[in-house]
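These notes are about the structure you will find just below.
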Amino acid sequence: GTTLRVTQGAVLQFAQNKGVIVRGRLEVEANSPSAQRAYFTRLYDDSPSPLGGTDGGSGQWTGIQVENAGTTMLRHSTIKSANVGVTGSGSIPSVVFSDCSAGVQARLPASITGCTFSNVGNPITASTNEASGTLVVSGNSITQGISHFYGVPSMPLRLTWTNNTMDQVRVYGEVAALTFTGNVGVSGQKARLDLGYANSNAAVIVGPVSFSKDPNQRVRVARGYYPS
């Protein structure tokens, strides 16, 4: 497939309800954290540092949707004012998500590492409805919002969530493997994991679960059980 390379310092602006569909490969050519970032944002947003202006846009663009045959390398880029920043599988390292309704809608398997989520309502979500595999979330800064994960009976969820600065995670459905260790909360709160939520969203544990005994973490079983 075709590769589109976005140079460091580039600012890509998208009209409301428009976005990027990746069927080949999308790459950002930023080789280090000190390199000038590439920006994906809405039309008339001149606030990124290469432009030095203000955000005169309104509404949201749709985001970056990676189809099954598509791949990305978005390291050291910023995704701003999107409905969903990135939808897809694979590796998402060192991306800043800002002012988005949702950050990453992951299709498994996937890994999200070293990212920053700022003012993002649903930072990371995933369901095994479409595909199985492990989701690794590690070393991210998630200043607010609740991340949601759901496993269906035929393809239970496998989630490794470690060493994040975070608010809250909720896990529902069938869980084949779950690791929740080394996380810290924000604003003086504990990093919180909810197994299940409300009356109809149980977490069914069908495999190994690992929690560290850590004063910075809180695990709450809102509605869940181990099948006999």
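Please read these numbers as outputs of a predicted model, since none were measured by experiment.
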If you take all heavy atoms of [X] and [Y], which pair is closest and at what distance?
{"X": "Val206", "Y": "Ala176", "answer": "CG2-CA, 3.8 Å"}
{"X": "Gly63", "Y": "Ala82", "answer": "CA-CB, 4.1 Å"}
{"X": "Leu195", "Y": "Val219", "answer": "CD1-CG1, 4.5 Å"}
{"X": "Trp61", "Y": "Ser81", "answer": "CD1-O, 3.1 Å"}
{"X": "Lys190", "Y": "Gln217", "answer": "CD-O, 3.9 Å"}
{"X": "Pro123", "Y": "Ile142", "answer": "CG-CG2, 3.4 Å"}

Is the shortest side-chain heavy-atom distance between [X] and [Y] below 4.5 Å?
{"X": "Phe211", "Y": "Leu193", "result": "yes"}
{"X": "Thr3", "Y": "Leu26", "result": "no"}
{"X": "Gln36", "Y": "Pro50", "result": "yes"}
{"X": "Phe149", "Y": "Val169", "result": "yes"}
{"X": "Ser98", "Y": "Ile79", "result": "no"}

Run the side-chain donor-acceptor check on residues 152-164: report pairs under 3.5 Å with partners two or more places apart or on a different chain.
{"residue": "Thr162", "atom": "OG1", "partner": "Ser138", "partner atom": "OG", "Å": "3.2"}
{"residue": "Asn164", "atom": "OD1", "partner": "Gly139", "partner atom": "N", "Å": "3.2"}
{"residue": "Asn164", "atom": "OD1", "partner": "Asn140", "partner atom": "N", "Å": "2.9"}
{"residue": "Asn164", "atom": "OD1", "partner": "Asn140", "partner atom": "ND2", "Å": "3.0"}
{"residue": "Asn164", "atom": "ND2", "partner": "Val137", "partner atom": "O", "Å": "3.1"}
{"residue": "Asn164", "atom": "ND2", "partner": "Thr162", "partner atom": "O", "Å": "3.0"}
{"residue": "Asn164", "atom": "ND2", "partner": "Asn183", "partner atom": "OD1", "Å": "3.3"}

(request) Can you sort out the partners of Tyr150 under ring-ring contact (aromatic ring centres under 6.0 Å, His included), two or more places apart, ordered by chain and number? (result)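 ring-ring contact (aromatic ring centres under 6.0 Å, His included) list for Tyr150, sorted by chain: empty.
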(message) Once ring-ring contact (aromatic ring centres under 6.0 Å, His included) is applied, do any residues pair with Phe97, and if so which ones, sequence neighbours excluded?
(response)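 Phe97 satisfies ring-ring contact (aromatic ring centres under 6.0 Å, His included) with Phe117 once adjacent residues are dropped.
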(message) Going by the rule salt bridge (Lys or Arg N to Asp or Glu O under 4.0 Å), which residues pair with Glu27 if we only count those two or more places apart in sequence or in a different chain?
(response)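 In terms of salt bridge (Lys or Arg N to Asp or Glu O under 4.0 Å), with neighbours along the sequence ignored, Glu27 is linked to Arg5, Arg25.
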(request) Apply salt bridge (Lys or Arg N to Asp or Glu O under 4.0 Å) to Asp55 and list each qualifying residue two or more places apart in sequence or on a separate chain. (result)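 Asp55 satisfies salt bridge (Lys or Arg N to Asp or Glu O under 4.0 Å) with Arg42, Lys80 once adjacent residues are dropped.
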Only counting residues at least two apart or in another chain, list the ones meeting side chain to side chain contact (heavy atoms under 4.5 Å, CB included) with [X].
{"X": "Ser58", "result": "none"}
{"X": "Ala102", "result": "Val84, Asn122"}
{"X": "Pro93", "result": "Met73, Arg75, Ser91, Thr113"}
{"X": "Val184", "result": "Thr165, Asn216"}

(request) Show the numbers, then the answer: is there a side-chain hydrogen bond (donor to acceptor under 3.5 Å, both in side chains) between Asn17 and Gln60? (result) CA-CA 6 Å; Asn17 300 322; Gln60 293 180 317; over 6 Å; no
(message) Under the rule for side chain to side chain donor-acceptor pair (under 3.5 Å), what residues qualify as partners of Thr78, not counting sequence neighbours?
(response)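 In terms of side chain to side chain donor-acceptor pair (under 3.5 Å), with neighbours along the sequence ignored, Thr78 is linked to Arg37.
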(message) Among residues at least two apart in sequence or on other chains, which ones pass side chain to side chain donor-acceptor pair (under 3.5 Å) with Ser89?
(response)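 Applying side chain to side chain donor-acceptor pair (under 3.5 Å) to Ser89 gives none.
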(message) Running the 4.5 Å side-chain criterion over Ile, Leu, Val, Met, Phe, Trp and Tyr, what cluster does Tyr44 land in, apart from itself?
(response)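 ILVMFWY cluster around Tyr44 also holds Leu43.
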(message) Are Val86 and Ile21 connected into the same hydrophobic cluster when the rule is that any two of I, L, V, M, F, W, Y join if their side-chain heavy atoms are below 4.5 Å apart?
(response)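 No, because Ile21 and Val86 fall into different hydrophobic clusters, even though each may have its own neighbours under 4.5 Å.
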(request) Take Asp194 and Gln168, measure what side-chain hydrogen bond (donor to acceptor under 3.5 Å, both in side chains) needs, and give me the verdict at the end. (result) CA-CA 8 Å; Asp194 285 349; Gln168 187 174 349; 2.9 Å; yes
